[in-house]
Amino acid sequence: MDPQGTIVAVASPPGRGARGIVRLAGVETFDVLDGVLSAPSPREAGAHTVRIRLGGFELPAQLTLWSGPRSYTGTNAAELLVPGNPQLLRRIVEACVTGGARHAEPGAFSARAYLAGKLTLDQAEGVAATISAESEADLRAARELAAGEAGTLARAWADEIARVLALVEAGIDFTDQEDVVAIAPADLHAAVTGVIDAIDARGVAGPRAHADDDPLVVLVGPPNAGKSTLFNALLGRRRAIVADEPGTTRDALIETLDLAPHCPGAGTVRLADLPGLSAAPIDALDAEAQRAARELIGHAHALIACDPAGRFEESDAFAGVPAVRVRTKGDLPGATPAEALPVCAIDGTNLGPLARAIADAAGARRMGSASAASARHARALGAARDHLLDALATVDPPARTISDPELTAAALRAALDAIGAITGHVTPDDVIGRVFATFCVGK
């Protein structure tokens, strides 16, 4: 997520309505508005009545301004309340882009709130879960996420792990001085056991599907986009035929993919490799193959959108299906959009982050955003628990010193990193990107 520049998007639900909202955020928000309004934009925070200039006519609108850092995103921000005509909303957004803003990526506003310290990562997940909630149970789960309860507990456990890790590492520095013991093995054992017990009390078993109910995850993209090569790489064996000629794949190949090696607790999914989709089929056989592929896409729990150029065209056929955007052939020169993950199936670059993204996307469709986020938390806690048990295995409580402090420290560091997947404070960029990629544009 690029936090620089001013972004704009429609923030109201899709379709026609009585009112619509166009949202902007960024340092130059007021300057962008100057080019859209019939008079210079107000600068003071609050509600204002203004007129929007579009071509040869003017439109009355309600403008609400926030001055950074006292805003959701931590920067200057604005919302225009106008009649909810989709065409009108698009024209206003394009006028803002002409004035210096850029189109917001999915989740960009909440990502900026996270980067500005306005939201924790679990609270940001609560925002996404609230938006997509379809029942009262979904809303309750989303409210728990938004309240940050899971993050509060995770931060407390992370603080305790960090404390004992610091002492273990301090002890390594004094291994040549027998009279210096930074932390006694008994104290370390008690502290680590306490965190494990707390995690167990919270519960770490994430939802797992039965083999006959595994989520269907489908590789989609244009011909010759590297889908079959990625299919083989994820499976760890050569299952699909790979060739330079477009149209090599004619039938759907479906295999079981175990995500656990890259994403503990995630279980398995059914991974499908499909023919490439294009507006102009090569021949009648290719046209029939594409028809069958689109039919299978309609049953998918998640999509892996593949494009070596990083251009991901939206389609009505994909609406409502969580998608992981992948720039395939990531070893080749080219820019990767902020919402996409560069992957190289040849050398294995980012296959691990991709597997974790697949688990999150498949869970979002099967369980709802709040439940999927809870499952992600459970997987993170389960991994942390396993690493803490590894740390305990290196500690002999009756002993005076820790026999292998380097191994103990490595296990504690791994546990700390796993818990960081919840709080976001020690999280790899790919985890943060997956969270915000589940948002719709304008949030």
Visitor: For E105 and R325: C-alpha separation, side-chain torsions, deciding distance, then whether salt bridge (charged side-chain N to carboxylate O under 4.0 Å, His left out) applies.
Guide: CA-CA 12 Å; E105 301 155 359; R325 294 171 175 83; over 6 Å; no

Visitor: Taking S12 for its side chain and I21 for its backbone only, find out whether a donor-acceptor pair lies under 3.5 Å.
Guide: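 Yes, S12 side chain to I21 backbone: donor-acceptor pair under 3.5 Å.
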
Visitor: Are the side chains of I304 and I358 in touch, meaning some heavy atoms are under 4.5 Å apart?
Guide: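 Heavy-atom side-chain distance check passes, below 4.5 Å.
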
Visitor: Given side chains that start at C-beta, do those of E255 and L271 come closer than 4.5 Å, heavy atoms only?
Guide: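 A side-chain contact is absent here, since even the closest heavy-atom pair is not under 4.5 Å.
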
Visitor: What distance separates K118 NZ from S110 OG, expressed to the nearest 0.5 Å?
Guide: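 Here the interatomic distance stands at 13.5 Å.
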
Visitor: For residues K227 and L274, determine if any side-chain heavy atom of one lies less than 4.5 Å from a side-chain heavy atom of the other.
Guide: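 Not in contact.
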
Visitor: If you count heavy atoms of other groups shown closer than 6.0 angstrom to CZ of R237, is the number above 12?
Guide: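 Yes.
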
Visitor: In terms of side-chain geometry, is the basic nitrogen of R155 or D159 positioned less than 4.0 Å from the acidic oxygen of its partner?
Guide: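 Looking at R155 and D159, the cut-off is not met.
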
Visitor: Would you mind reporting whether P83 and L59 have side-chain heavy atoms less than 4.5 Å apart?
Guide: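 Side chain of L59 against side chain of P83, heavy atoms only: contact under 4.5 Å found.
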
Visitor: Would you indicate whether the side-chain heavy atoms of T6 and D31 approach each other to under 4.5 Å?
Guide: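 Contact flag for D31/T6 side chains = no.
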
Visitor: According to side chain to side chain donor-acceptor pair (under 3.5 Å), who are the partners of E94, at least two apart in sequence or on a separate chain?
Guide: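 For E94 the side chain to side chain donor-acceptor pair (under 3.5 Å) partners, ignoring immediate neighbours, are H103.
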
Visitor: Would you indicate whether the side-chain heavy atoms of Y72 and R112 approach each other to under 4.5 Å?
Guide: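 The answer is no, as the side chains (C-beta and beyond) never meet within the 4.5 Å cut-off.
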
Visitor: To the nearest 0.5 Å, tell me how far F30 CZ sits from N76 CG.
Guide: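 CG of N76 is found 4.0 Å from CZ of F30.
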
Visitor: Under the side chain to side chain contact (heavy atoms under 4.5 Å, CB included) criterion, do R327 and V343 qualify, and how do the steps go?
Guide: CA-CA 6 Å; R327 186 173 80 85; V343 170; over 6 Å; no

Visitor: For atom CZ of R19, decide whether the heavy atoms of other residues, nucleotides or ligands shown that lie under 6.0 angstrom number more than 12.
Guide: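 Not buried by this count: 12 neighbours or fewer within 6.0 Å.
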
Visitor: What's the spacing between I196 CD1 and H387 NE2 if we round to 0.5 Å?
Guide: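 It comes to 12.0 Å.
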
Visitor: Side chains of R51 and L37, heavy atoms from C-beta outward: is any pair under 4.5 Å?
Guide: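 Of all side-chain heavy-atom pairs linking L37 with R51, none is under 4.5 Å.
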
Visitor: Only counting residues at least two apart or in another chain, list the ones meeting side chain to side chain contact (heavy atoms under 4.5 Å, CB included) with L54.
Guide: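 If we apply the side chain to side chain contact (heavy atoms under 4.5 Å, CB included) test to L54, skipping adjacent residues, the hits are I52, F57, L88, R91, I92, A95.
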
Visitor: I'd like to know if the side chain of H301 reaches the main chain of L216, judged simply by a donor and an acceptor atom lying under 3.5 Å from each other, with no hydrogens or angles considered.
Guide: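 Yes, the answer is positive, given that a donor and an acceptor are paired below the 3.5 Å cut-off.
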
Visitor: Could you tell me whether the side chain of T256 reaches within less than 4.5 Å of the side chain of V269, counting heavy atoms only?
Guide: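 Answer no - side chains too far apart.
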
